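Given the structure is predicted, the values throughout are model-derived calculations rather than measurements. By convention in this document, chain letters (A, B, ...) are assigned in the order of the sequence lines, proteins followed by strands, and residues within each chain are numbered from 1. As a basis for the values below, the full set of heavy atoms in this structure was taken, side chains included, without hydrogen atoms, waters or symmetry mates.
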Protein chains: 2
Amino acid sequence: MRRREEQSAAFRDALWVSRCVGHAGTTPLRLEDVEDLARFIRVRTLAAGEPLARVGDEPTAVCIVREGCLELAVHGSTGRLVIQTLRAGDIDGDIQMLLNVRMPYETRANVETTCLILDRSAFEELLATHPHVSRRWLTSVSQRLARSHSRLTSLLGEPLEVQVAQLLLEERVDDVVNLTQTTVAALLGVRRPSVNKVLRRFAGNGLVALSYGKVQILDATALAEVSAPQP
Amino acid sequence: MRRREEQSAAFRDALWVSRCVGHAGTTPLRLEDVEDLARFIRVRTLAAGEPLARVGDEPTAVCIVREGCLELAVHGSTGRLVIQTLRAGDIDGDIQMLLNVRMPYETRANVETTCLILDRSAFEELLATHPHVSRRWLTSVSQRLARSHSRLTSLLGEPLEVQVAQLLLEERVDDVVNLTQTTVAALLGVRRPSVNKVLRRFAGNGLVALSYGKVQILDATALAEVSAPQP
DNA sequence: CCCCGACTGTCATCCAAGTGACACTCCCGG
DNA sequence: CCGGGAGTGTCACTTGGATGACAGTCGGGG
């Protein structure tokens, strides 16, 4: 009985993966794929601030974010720099496993986060024996590459005000951005006082409301206007 | 006879793809994969400056760079911005095809460039029916994502001098960087005079030699020193 | 062989963001 | 309920890159 409950929980997680990871529309999974996926999945919960992997680690497992938020960060000459935040459906560790390299960044939980874990052997077996899973994984990596490209374009050459506006719109969940101003600064590669100045200006114009550790978006339309200046 | 020559040329191209695209070490292709690949490949040559696709285009084909250099660029408020340069073995158009979206950037040849083209139907058939090709493609996209991440970290928060040094080291082919200073500026999201100032300083210290449309690296070691300040 | 367009070299001025610092406020845990 | 660590608000000063401009140079195509 106990075992059957566990199995059905794993199956539900696998089903969720089949809906939320990658681009479900063009590459559906079969029931048997989901069942096999369920066999391999392990759940792990990370406390806020808890690291999942450090720079230089050998990748030992693939992590699919189920709920919460991870951040990929490096520590450069100017302090912490956040490469990307991972939300539900995003994946970490697969790239390094596929390319057989060590982790080039640190992965940390921003808030309490639930992850689905696939061990190295499970991941490799899944990809090798399940073409549909492999194909679907391709769309997941593609999504991340597209996002990374769009991040590059919004960071390069845009004034800080535009960058902040775009970031807020991208990172919002339900019109709330659950990031500290320090983290926002680390995502943009700028200093906190600069971010603070922009946010205060936005707040003054009624676009956002600031509170401890988060930003509430009040006027998304106006913010979108700021982020894409009219030609 | 004529036909057989063409076929063998296509086979050589396919063989080259099997060696140079993605991560050959961990995911080898079979002879039959290469043969089927050869059946679909078409060659196209782009003149310097010739566009391959524009922003908003429907992706109709996948392009594998065989020789030369493509650039992915957008035109923002501050002028041209280069997201990435593609060299031999790099691929363009697959991401948008997989995710079923339009091209978010323009693709142009920087110099005369030879490409291997796979039409949409060929690409989809290959992926659907050849698990090894699909698996290999996964490593290619992964490589690009890893490069994109490393580009983000080197752009964000580093002083311009460091950025330029890293870019020169990354883009060099045989110690020569075949990019105009304007293009370097577009890759870094800064203005040309700023790039010029840094390059002149490097030239003054004997690290590089400047000439029309390219930069010759004279002292890669010292340049690496600049790009990674000692702890 | 010469011309025109593309690229480089350079400059004076301006401004956005960095720097480093300090006080204040908010939570969480003991 | 209170103490301390984390996060925010703010400021005076500095700086690096943007701006816009113009002259000089290269080199391919007619």
With N205(A), which residues qualify under side chain to side chain donor-acceptor pair (under 3.5 Å), at least two apart? none
Below 3.5 Å between N/O atoms, which protein atoms pair up with nucleotides 13-15 of chain D? Just atom names and distances, please.
none

Could you list by number each residue of residues 190-200 of chain A showing a heavy-atom separation from DNA chain D of less than 4.0 Å, or answer none if no residue does? R192(A), P193(A), N196(A), R200(A)
According to side chain to side chain donor-acceptor pair (under 3.5 Å), who are the partners of D119(B), at least two apart in sequence or on a separate chain? R42(B)
For R87(A), enumerate each residue passing the salt bridge (Lys or Arg N to Asp or Glu O under 4.0 Å) test, keeping only those at least two apart in sequence or located in another chain. E171(A)
Identify which one of T85(A), D90(A), L46(A), N110(A) satisfies the side-chain contact (heavy atoms from CB on, under 4.5 Å) criterion when paired with L70(A). L46(A)
Counting only heavy atoms and a strict 4.0 angstrom limit, can you tell me which residues of residues 202-215 of chain A come near DNA chain C? Y212(A)
Below 3.5 Å, can you tabulate the donor-acceptor pairs from side chains in residues 102-109 of chain A to any protein atom, sequence neighbours excluded?
{"unit_1": "R102(A)", "atom_1": "NH1", "unit_2": "G56(A)", "atom_2": "O", "d": "2.9"}
{"unit_1": "R102(A)", "atom_1": "NH2", "unit_2": "E58(A)", "atom_2": "OE1", "d": "3.2"}
{"unit_1": "Y105(A)", "atom_1": "OH", "unit_2": "D92(A)", "atom_2": "OD1", "d": "2.8"}
{"unit_1": "Y105(A)", "atom_1": "OH", "unit_2": "Q96(A)", "atom_2": "NE2", "d": "3.4"}
{"unit_1": "T107(A)", "atom_1": "OG1", "unit_2": "D92(A)", "atom_2": "OD2", "d": "2.8"}

Inter-axis angle, terminal five-pair segments of the helix from dC1(C)-dG30(D) to dG30(C)-dC1(D) [nearest 10°]: 50°
How would you list, by chain and number, every residue that makes a ring-ring contact (aromatic ring centres under 6.0 Å, His included) with F40(A), sequence neighbours excluded? none
Over how many whole Å does the gap from E112(A) atom CD to dC28(C) atom C1' extend? 15 Å
Within this structure, what is the CG-to-P distance between N110(A) and dA6(D), rounded to whole angstrom? 15 Å
Atom CG of L160(B) and atom C1' of dA16(C) are separated, to the nearest Å, by 16 Å
Which residues satisfy the side chain to side chain donor-acceptor pair (under 3.5 Å) test with S18(B), sequence neighbours excluded? none
Return the set of residues passing side chain to side chain donor-acceptor pair (under 3.5 Å) with D13(A) (not counting sequence neighbours), or none when no residue passes. R66(A)
Any pair with a residue in residues 183-202 of chain A that passes side chain to side chain donor-acceptor pair (under 3.5 Å), sequence neighbours left out, goes on the list, sorted by first then second residue, please. T78(A)-R191(A), R80(A)-T183(A), E161(A)-R201(A), T180(A)-T183(A), Q181(A)-N196(A)
